[in-house]
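Here the structure is laid out as structure tokens; the discussion comes afterwards.
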Number of protein chains: 2
Amino acid sequence: MTEGPGFGNTLVCLSVLIQRRYLQICADHDLTTAQAQLLCLVKDQPRGMSELGHLLSLAKPGMSGLVDRTERRGLVRRGASEHDRRACTVSSTPLGKEIGDALYADVAARLPGIVDHLSPADRQLFQELVTAVTGETVSGPCRGDDAPAR
Amino acid sequence: MTEGPGFGNTLVCLSVLIQRRYLQICADHDLTTAQAQLLCLVKDQPRGMSELGHLLSLAKPGMSGLVDRTERRGLVRRGASEHDRRACTVSSTPLGKEIGDALYADVAARLPGIVDHLSPADRQLFQELVTAVTGETVSGPCRGDDAPAR
DNA sequence: TAGTTTAGTTCGTGTCGCGAACTTACGTTT
DNA sequence: AAACGTAAGTTCGCGACACGAACTAAACTA
């Protein structure tokens, strides 16, 4: 137990810091964070609803609603699955792909700004550690796996 | 620009990781994250609505609603301000204080679990860097100041 | 005293996400 | 083949959350 008692709370503060900036970036692209995350998962490949629900830690009604709203904005599209007539796949429309790519680039450009006041060496170190913490899952955009409970 | 293109997204992943765990801890204390943050800010001292709105980055209707809901649960109380009959202060009830303290302790105990798979040396390093990033604001619970725009 | 600013509230709207109940389709069993 | 259990999504009703606009009341200012 090397951590001081305040470390847990500091982590919350860090998360809030990131979330606020992320929210702002999403808003600049006229997206909510939920729709942004969906778009990022779908912009380069179609995915099934249950897969998305698992990645985003959403139950089925949550996924349905999110896809509904995003589809209504013309960013995403439901398609039929090949081998299962119950299932459907979610893919991005050209507009969605465009917005998703722009958002991704903007996140890459602007989010690291929260560490601007660190020295270059510390920035580098921080980046490596964050990558280690989030898991070696550097796979593409953003995963969301997290053993839900303990 | 030392950061790789994926760093911004990695930060989002980290934030999601923290948020999910935090959400679970809050749920275990029967709190939403919004109410938890409010409670933490108020459990050791009364604060005014506008101060809270600033700390939580909420507009006035958002604050009113949040305090409404939290007050309805008996965790928080509105009181009159000394020098301004328009203003009101928000303070915690004994129940709110109790729950807030328990939540705070639980956050301190369980949130650092996300770095469990790091080596002790890396953990220590990570903790220091996160503290540096969130600002020297180690003041008590959790602040929320963030220059809203870029 | 009149006009302006400030603190909070109320109202209407939209996003978000849950549980419960349901429909449809798949897979298996008998 | 008919029947059952299971899995994928949807719909409904609910509550939390937070915004802009419009409002009230108190404080400040001229």
Side-chain angles (χ1 to χ4, degrees), chain A residues 16 19-20 22-24 26-39 41-42 46-91 144 148-149, chain B residues 16 19-20 22-24 26-39 42 46-91 144 148:
Chain A
V16 167
Q19 284 295 319
R20 294 240 243 268
Y22 185 56
L23 187 71
Q24 184 58 55
C26 290
D28 290 347
H29 293 261
D30 201 30
L31 289 172
T32 65
T33 57
Q35 293 180 16
Q37 306 239 35
L38 171 62
L39 206 48
L41 283 173
V42 143
R47 291 181 194 267
M49 295 288 283
S50 26
E51 181 187 2
L52 289 170
H54 182 246
L55 291 172
L56 295 170
S57 292
L58 288 184
K60 292 190 290 182
M63 270 312 308
S64 268
L66 180 55
V67 171
D68 280 351
R69 292 183 295 268
T70 314
E71 191 175 31
R72 213 176 294 141
R73 291 193 182 184
L75 308 179
V76 120
R77 191 170 31 206
R78 278 177 170 92
S81 164
E82 282 298 308
H83 307 299
D84 193 334
R85 268 189 301 158
R86 295 170 298 179
C88 70
T89 65
V90 181
S91 55
Chain B
V16 167
Q19 284 294 321
R20 292 238 244 270
Y22 185 55
L23 186 71
Q24 183 58 56
C26 290
D28 289 347
H29 293 260
D30 201 29
L31 289 172
T32 65
T33 57
Q35 294 181 16
Q37 308 240 34
L38 171 61
L39 207 48
V42 143
R47 291 182 195 266
M49 295 288 283
S50 27
E51 181 189 2
L52 288 170
H54 182 245
L55 291 172
L56 295 171
S57 291
L58 287 184
K60 291 191 291 180
M63 270 312 307
S64 269
L66 180 56
V67 172
D68 281 351
R69 292 183 295 269
T70 314
E71 191 174 30
R72 213 176 295 140
R73 290 193 183 186
L75 308 179
V76 119
R77 190 169 33 204
R78 278 176 170 94
S81 163
E82 283 298 308
H83 307 300
D84 192 334
R85 269 189 301 156
R86 296 170 297 181
C88 69
T89 65
V90 181
S91 55

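Each chain gets a letter, A, B and so on, in the order the sequences are listed, and its residues count up from 1. Side chains are part of it too, since the values below use all heavy atoms of this structure and drop only hydrogens, waters and symmetry mates.
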Taking CD from B/Gln37 and P from D/dA18, how many angstroms apart are they, rounded to a whole number? 9 Å

Of the nucleotides D/dT11, C/dG8, C/dC16, which has the atom closest to the A/Leu66 side chain? C/dC16

Among the candidates D/dA26, D/dG9, C/dG8, find the nucleotide nearest to the side-chain atoms of A/Ala87. D/dG9

Within residues 28-35 of chain B, residues whose heavy atoms come under 4.0 Å of DNA chain D: B/Thr32, B/Ala34, B/Gln35

If you measure from CD on A/Glu71 to CZ on A/Arg78, what distance do you get to the nearest 0.5 Å? 5.0 Å

Which residue lies toward the 5' end of DNA chain C, A/Asp84 or A/Ala59, if each is placed at its nearest nucleotide? A/Ala59

How many whole angstroms separate atom CG of B/Leu58 from atom C1' of D/dC17? 9 Å

Rounded distance in Å - CD (B/Gln19) to P (C/dG17): 12 Å

Less than 4.0 angstrom between a side-chain N/O of A/Arg78 and OP1 or OP2 of D/dT10, yes or no? yes

Please report, rounded to the nearest Å, how far the P atom of C/dA25 is from the CD atom of A/Glu82. 16 Å

Could you tell me the separation between the NE2 atom of B/His54 and the P atom of C/dT6, rounded to a whole number of Å? 15 Å

Would you indicate, yes or no, if C/dG14 has its OP1 or OP2 atom less than 4.0 angstrom from a side-chain nitrogen or oxygen of A/Arg69? no

Out of C/dC26, C/dT10, C/dC16, minimum distance to the side chain of A/Arg86 belongs to C/dC26

Please state whether the phosphate of C/dG8, meaning OP1 or OP2, lies under 4.0 angstrom from any side-chain nitrogen or oxygen of B/Ser50. yes

Nearest-angstrom distance from the residue atom CZ of B/Arg20 to C1' of C/dC18: 16 Å

Picking from D/dA8, D/dT11, C/dA25, the nucleotide nearest the side-chain atoms of A/Asp68 would be D/dT11

Contacts of B/Pro61 and B/Gly65 projected onto DNA chain D by closest heavy atom; the upstream (5') one is B/Gly65

Expressed in angstrom and rounded to an integer, what is the separation of A/Leu23 atom CG from C/dT15 atom P? 15 Å

